Each structure stands twice: as C-alpha cells, then as structure tokens.
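Accompanying notes for the structure given below.
Keep in mind that this is a model prediction, so the values were computed, not measured. So that the names make sense, note that chain A is the first sequence line, chain B the second, and so on, each numbered from 1. As a basis for the values below, the full set of heavy atoms in this structure was taken, side chains included, without hydrogen atoms, waters or symmetry mates.
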Number of protein chains: 2
Amino acid sequence: MDNKIKLRNAGLRPTKQRIIIADILLNGFNRHFTAENLQNEISISGNKMSIATVYNCLKKFKNAGLIKQVESYTDTAIFDTNNISHHHFLNEETGELIDINNNEINLVKLPDIPKGFINSGVDVIIKLKKNN
Amino acid sequence: MDNKIKLRNAGLRPTKQRIIIADILLNGFNRHFTAENLQNEISISGNKMSIATVYNCLKKFKNAGLIKQVESYTDTAIFDTNNISHHHFLNEETGELIDINNNEINLVKLPDIPKGFINSGVDVIIKLKKNN
DNA sequence: TTTTTACTTTAAAATGGTTCTAAACTACTT
DNA sequence: AAGTAGTTTAGAACCATTTTAAAGTAAAAA
C-alpha cells in the first residue's frame, strides 16, 4: 500500500477513504471520470462512501496535484488521472474525451500574454462530429 | 429593426422576446455572457423576461447558429456572440474569457482524427495566472 | 499511553444553474 | 375569422455540488 506514502508526500492525511480512492485512481492507468463514476467504482470495490466525501477527496486530490480537472461542455465536472500535459478530442454528441499526446500537436505561434499574467497551461480541444 | 429579418433568415419566428434579445446581442459588438447576464441586460433595456424564456431563446439562437456556447471551467454556461472561429484566454481565478483571433495562433500539426469522425472545430484555451 | 487538537467523514439540507410542466398567449396559415 | 402550431411564463422539479453540524479519526502533545 504505498498509496499511503503517496498521499503523505502530497501533503494529505492518509485516511481510510482517501486510500480507497488512491487505490482506484493512482494505479498507473489513466482515465477520465466524474464524481459519480468514482462513487460507483468505490461500491464495486466493496466499499461505501458518501458523495460529499467523494467530492471532498476529489478537491483535495486536485489541489494536491494528484489529479486534474479538465474542461467540460456538459454540466458535470470531469477529472483526469493523467497529470502530464496533454490535449483532448471531444465527442460533441456524448461529451466523451479522448487523450491526445502533447507531441501530436504542434503550436508554433502563441499570442502575447496579457500584462500582469503568465501562461499557466494551454488546452487544445478538437471537437468531433460523426462522419456520415 | 432588421433583426426581425435576421431571425426569420435563421429559421426562427420573430417573437417580441426574441427581437428584444436579438437587439441586445446582434449589434456587431462581441461579448461573452451567461443567461443571467442577459436577463439583467433585458431588465436594463426596460423589458422583463422569464429566465425560462431566456434559456429557451439562447438554445434556439445557438441551434440556429446566431451565437455559440463556449467551453467553461465553472458551472455556468457561457455564450459568445462571436461566431467567427477564434480562441480564448481563460483567467483561472475569475473564469473570465478574452478572445484570441485565429491568426494569432498557428497550429501546424494535428493528430489523426479517429475513424468515423470529422474535425468539427478546434478550441485553444490559454490559461492565465496572475504574475506575482 | 492518554489526552488534546485539528482534521475528516457523513447524512441530510441547502444551493444554484438549468429544464420541465401545463396553462395562457401569439404569430402565422387557412 | 378561425384554427393550429409554436412560444412564453411562473413555478415546480431536477441534478450536480456544497454546506451544515455532529460524530469519528489521525496525528501531536503530554
């Protein structure tokens, strides 16, 4: 269970609930998910967690940099276990996201950043429509 | 009032309410706004409209291609009167969006589009953080 | 250890944006 | 002028998320 250590290193107290979530999310496989998706996976793993706790944990994990929240065109927050900078295809009909590796996109020209700000990340979203 | 004609050309019955909204939105100045923003502007213009109607009209305007809905990292839908393909700066602290003209960004390499789909638009979002 | 303290979890209520309902209304057609 | 199909509305419903406040737990102090 070195997820206990991972949590501690991230500055999070390793509670029973956070360890359950870390065991599900931080296993090396990347995925996109909603709070409800995660609660279902927790149930499947034989555990039970209040939705408030799921949201609390997701916020903590996100602020600690263990997961990211990604853009969404729907009204449900989508999280991503892939912390490496990358981009997304968006299926406009379903809202589903598919990862695009950074090296598959080349942005050669960027606009001047407004005064007083710095660029804190660039997201490219390629919207997809069914080809009929 | 050629907004009446604009609405008809877009396939929308030009009701009193839709004309009020068209007069506010389709005046050549581009802006980002929420449903609530728009309802406030309607009040300021001396009119009164139910929030349900505001939402109904925004949906119709959007499907007719008169306005766009843009990505949002907050839980409130943001609309844009700028129909020309363009990108955005996102102020991460406030959620505010600033337009970026298409010619200020140059994407020279794009990934292969998944089979069965076509590219229906690319959004680039440059996130901004205060520079301290 | 035991005690203390600060943080965490929880069910349930509250919140806030958005959509639905169903009745009244209005633009357009006949 | 009458019919009909689409539209507006207030209010209820919905649903994702956050808050509340009380009970529980991990870590620190004694």
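Under 4.0 angstrom from either OP1 or OP2 of dA11(C) there lies at least one side-chain N or O belonging to K48(A). Taking side-chain N and O atoms only, R8(B) has a distance below 4.0 Å to OP1 or OP2 of dC28(C). Considering only side-chain N and O atoms, Q17(A) lies nowhere under 4.0 angstrom from the phosphate OP1 or OP2 of dT25(D).
Atom CG in N63(B) sits about 16 Å away from atom C1' in dG6(D), given to the nearest Å. One can place CD1 of I51(B) at 12 Å from C1' of dT9(D), the figure rounded to the nearest angstrom. For L38(B) and dG17(C), the CG to P distance is 15 Å, given to the nearest whole Å. Rounded to whole Å, atom C1' of dT8(C) lies 13 Å from atom CG of L7(A). Per the geometry, CG belonging to D75(B) stands 15 Å off P belonging to dT15(C), to the nearest Å. In this entry the distance linking CD of E36(A) with C1' of dC14(D) reads 13 Å, nearest Å. Counting to the nearest Å, the C1' atom of dT9(C) and the OH atom of Y55(A) are 16 Å from each other. Atom CD1 of I78(B) and atom P of dG16(C) are 18 Å apart (whole Å).
Nearest nucleotide to the side chain of S50(A), out of dT10(C), dT8(C), dT18(C): dT10(C). Closest to the T53(A) side chain, of the nucleotides dT9(C), dA16(D), dA11(C), is dT9(C). Considering only the side chain of N56(A), dT9(C) comes nearest among dT9(D), dT9(C), dT18(C). Distances were taken from every side-chain heavy atom of M49(A) (C-beta onward) to each of dA10(D), dT7(D), dT10(C); the shortest belongs to dT10(C). Side-chain proximity of R13(A) to dT17(D), dA6(C), dT19(D): nearest is dA6(C). With dA27(D), dT8(D), dT8(C) as the candidates, the nucleotide lying closest to the side chain of K60(A) is dT8(C).
Remark: side-chain polar atoms of Q39(A) are paired, donor with acceptor, to backbone N or O of M49(A) under 3.5 angstrom. A donor-acceptor contact shorter than 3.5 Å links the side chain of N91(B) to the backbone of T94(B).
With respect to E71(A) and K127(B), no salt bridge is recorded, no charged nitrogen being found less than 4.0 Å from a carboxylate O. Taking the charged nitrogens against the carboxylate oxygens, K130(B) and E93(B) do have a contact shorter than 4.0 Å, which makes a salt bridge.
I20(B) and L25(B) end up in the same hydrophobic cluster when Ile, Leu, Val, Met, Phe, Trp and Tyr side chains are linked at under 4.5 Å.
If you check every strand for non-hydrogen atoms under 4.0 Å, T15(B) touches sugar and phosphate atoms only.
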